[in-house]
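One structure below.
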Amino acid sequence: MANLQLTDDVPSVADDGVWLTCIECGESFAPFEEVRYTCDDCDGLLEARYADLPTFDEFEGEGVWRYSAALPFEEGVTLPEGNTPLHRVPRIEKEVGVESLRVKHEGMNPTGSFKDRGMTVGVRVAKEIGVGRLACASTGNTSAALAAYGARGGMETLVLLPAGKVAAGKIAQAALHKARILEVDGNFDECLDIVQDLAGRGEAYLLNSLNPFRLEGQKTIGLEIMEEHYEDYGEYPDRIVLPVGNAGNTAALYKCFRELVKAGEITEDQVPRITGAQAEGAAPMVEAIEEGNDETRRWEEVETRATAIRIGNPVNAPKALPGIRETGGTAVAVSDEEITDAQRDLAGEGVGVEPASAASIAGLRKLRDRGVVSDDESVVCLTTGHLLKDPDAAAEAGNDPEPVDNSTEAVLDLLDEN
Ligand code: F0G
């Protein structure tokens, strides 16, 4: 079982108060001297650690870099990112029946997903280490973000995508931002196996969420939510519901809350319950939570309309499963139909999201129906990607365009008909 306890001991390998620790065996490593993604000794996941933990009064400015006190650098390769809206959705709030419901729309980041928060830090670290080619496997959004931030940083980018399973908007982004795009005849997990192999052979710097620095940037979603929710309601949210694929974001939120508790900024009771939502056809995290396992089983066959979370082997599970359990959260699987319904409902409030994002609302609805979430909870749902990422899914879920003759009379006739 992973040890995610933050300690006060600063190892001699620390660089300016930052180091990497293996969550399995506790070994520490210098953060920027050599490229490594997992522990040299036991292959466990690594986590960035700090001598000084952040306090709310240190934060100033806007966006991800407002939180530089919680990050390894003062500034990054930026577009800029973060500072996303925390929408009110009164109709869904009423229908679901909770004390309050807010939607943190991460689709409003520069490339249209939360991945930008991780990339601004990850590409900055790549520059520090001095690597050549940046690479990732992706269900689409990571590749779009990597391509844009790589371009911004003047670096070469390579992305491996599961052929035929990535939404059009995301491929268009990677293409125009000049990534080299390799379409693999396999699923996301197999693409990640290959990229890990390439990275291990020194062919590329890996910027998937296995890279611990990506998760540092993504922690800022939690920090923004905590600050804004407190400002609006005088308290922190009881629960955060988010779509889960590789479980990087789940791990990042838990890291955010562990650091705030360790810094004495919030108490254990004030940590929101981290609640994951997966598509039924790709739900290894839900399976592990329901069966009480410490590890996930790799699903070889995965399928869902929410292609962003079409993932069968969540590599961050060792960090994310304790996050869900220790905060009193849970995980829930939702069908593609439930996802599409939630996507329509969000759109009906003016919030346009891609299918995977709507899994959070669909998951909340299901947990409320089951009585797992109670009516007195204040909830924040994350919506992770923008509607325009997957125009085909949006068109399919939405109204059909109607052909009409080229005259006002014809338009009026049509309007009169129904
Ligand atoms: N939502 C969206 C829109 C995503 O693109 C992803 C992951 C997730 C949720 C899941 O986040 O992996 O941190 O649990 N997309 C990755 C990609 C895998 O390649 O774009 P996670």
Side-chain angles (χ1 to χ4, degrees), residues 84 104-109 111-119 122 135-148 159-162 165-167 169-171 173-174 179 181 184 187-189 191-192 195 206-211 214-215 217-219 221-222 240-255 274-279 282-286 296 302 304-317 319-321 323-324 331 334 339 343 352-363 381-390 393:
T84 54
K104 179 74 170 161
H105 193 11
E106 285 295 298
M108 299 306 286
N109 274 296
T111 78
S113 86
F114 70 96
K115 307 287 179 179
D116 297 346
R117 294 181 187 264
M119 285 305 169
C136 71
S138 185
T139 57
N141 283 322
T142 301
S143 67
L146 179 67
V159 305
L160 271 71
L161 308 180
K165 296 293 181 184
V166 177
K170 305 173 189 183
I171 301 185
Q173 289 178 289
I181 303 172
V184 177
N187 61 30
F188 165 82
D189 305 295
C191 292
L192 186 54
V195 173
L206 178 143
L207 273 166
N208 281 97
S209 54
L210 195 64
N211 185 318
R214 272 249 337 251
L215 301 187
Q218 289 173 210
K219 280 188 323 197
I221 302 176
I240 297 179
V241 187
L242 77 164
V244 176
N246 235 353
N249 233 7
T250 315
L253 279 181
Y254 187 41
K255 175 105 190 306
I274 301 176
T275 302
Q278 295 198 294
M285 288 284 289
V286 177
T296 48
V302 280
T304 167
R305 196 180 295 157
T307 52
I309 51 174
R310 187 176 172 274
I311 294 175
N313 184 35
V315 290
N316 289 295
K319 291 176 173 175
L321 287 171
I324 291 173
V334 290
I339 287 174
Q343 188 189 18
V353 307
E354 67 165 291
S357 299
S360 58
I361 291 287
C381 282
L382 286 196
T383 54
T384 40
H386 198 276
L387 177 155
L388 292 173
K389 289 284 193 172
D390 193 342

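Keep in mind that what you see is a predicted model, and the values were worked out from it rather than measured. When a ligand or atom number is given, it counts from 1 through the structure's own listing order.
Per-residue contacts place Ala308 under 4.0 angstrom from the following atoms of ligand 1 (heavy atoms of the residue considered): 2 (C), 3 (C), 4 (C), 5 (O), 6 (C), 7 (C), 15 (N). Residue Ser138 has at least one heavy-atom neighbour below 4.0 Å for each of these atoms of ligand 1: 17 (C), 19 (O), 20 (O). Using a 4.0 Å cut-off to heavy atoms of Gly248, the atoms of ligand 1 that qualify are 13 (O), 14 (O), 21 (P). Applying the 4.0 Å criterion to heavy atoms of Thr142 picks out, from ligand 1, the atoms 16 (C), 17 (C), 19 (O), 20 (O). In summary, the atoms of ligand 1 found under 4.0 Å from a heavy atom of Thr139, numbered by their order in the structure, are 15 (N), 16 (C), 17 (C), 18 (C), 19 (O), 20 (O). Under a 4.0 Å criterion applied to the non-hydrogen atoms of Ile311, ligand 1 contributes the atoms 18 (C).
Side-chain contact between Ser143 and Cys136 is present, with heavy atoms from C-beta onward closer than 4.5 Å.
When only interatomic distances are considered, the shortest N/O to N/O separation between Ala247 and ligand 1 falls below 3.5 Å. Some N or O of Asn141 is nearer than 3.5 Å to an N or O of ligand 1, by distance alone. Distances between N or O atoms of Gly245 and those of ligand 1 include at least one value under 3.5 Å. Between Ser143 and ligand 1, no N or O atom pair is found at a separation short of 3.5 Å. Of the N or O atoms in Lys170, none lie within a sub-3.5 Å distance of an N or O in ligand 1. Taking distance alone, with nitrogen or oxygen atoms compared against 3.5 Å, Glu354 stays at or beyond that limit from ligand 1.
Distance alone, capped at 3.5 Å, is enough to place a donor-acceptor pair between the His105 side chain and the Gly352 backbone. Of the possible polar contacts, none joining the Arg310 side chain to the Ala282 backbone as a donor-acceptor pair under 3.5 Å is found. Counting only distance, with no hydrogens or angles, the side chain of Asp189 and the backbone of Asn313 share a donor-acceptor pair below 3.5 Å. Checking side-chain atoms of Ser360 against main-chain N and O of Leu242 turns up no donor-acceptor pair under 3.5 Å. Proximity of a side-chain donor or acceptor of Asp390 to a complementary backbone N or O of Ala167 within less than 3.5 Å is not detected. A side-chain donor-acceptor contact under 3.5 Å links Asn211 to the backbone of Leu206. Proximity of a side-chain donor or acceptor of Lys104 to a complementary backbone N or O of Thr84 within less than 3.5 Å is detected. Between the side chain of Lys389 and the backbone N or O of Thr111 there is at least one donor-acceptor pair closer than 3.5 Å.
The protein atom (non-hydrogen) at minimum distance from atom 8 (C) of ligand 1 is Ile309 CG2, 3.6 Å. Taking atom 12 (O) of ligand 1 as the reference point, the nearest protein heavy-atom neighbour is Asn246 N, 2.8 Å. At the shortest separation from atom 15 (N) of ligand 1 among protein heavy atoms lies Lys115 NZ, 2.9 Å. The closest protein non-hydrogen atom to atom 13 (O) of ligand 1 is Asn249 N, 2.8 Å. If you check which protein heavy atom lies closest to atom 11 (O) of ligand 1, you get Phe114 CZ, 3.4 Å.
The residue Lys389 has no part lying near ligand 1, judged by heavy-atom distances below 4.0 Å. In Asn208, neither the side chain nor the backbone holds a heavy atom less than 4.0 Å from any atom of ligand 1.
Between Leu382, Val244, Leu242, Thr384, it is Thr384 that holds the heavy atom closest to atom 1 (N) of ligand 1.
When each of Gln173, Glu354, Glu106 is paired with Asn141, the side-chain hydrogen bond (donor to acceptor under 3.5 Å, both in side chains) condition holds for Glu354 and for no other. Tested against Ser209 for a side-chain hydrogen bond (donor to acceptor under 3.5 Å, both in side chains), the candidates Asn316, Thr250, Asn249, Thr142 yield a single pass: Asn316.
The minimum heavy-atom distance linking Ser138 with Pro162 is given by the pair O-CD, 3.0 Å.
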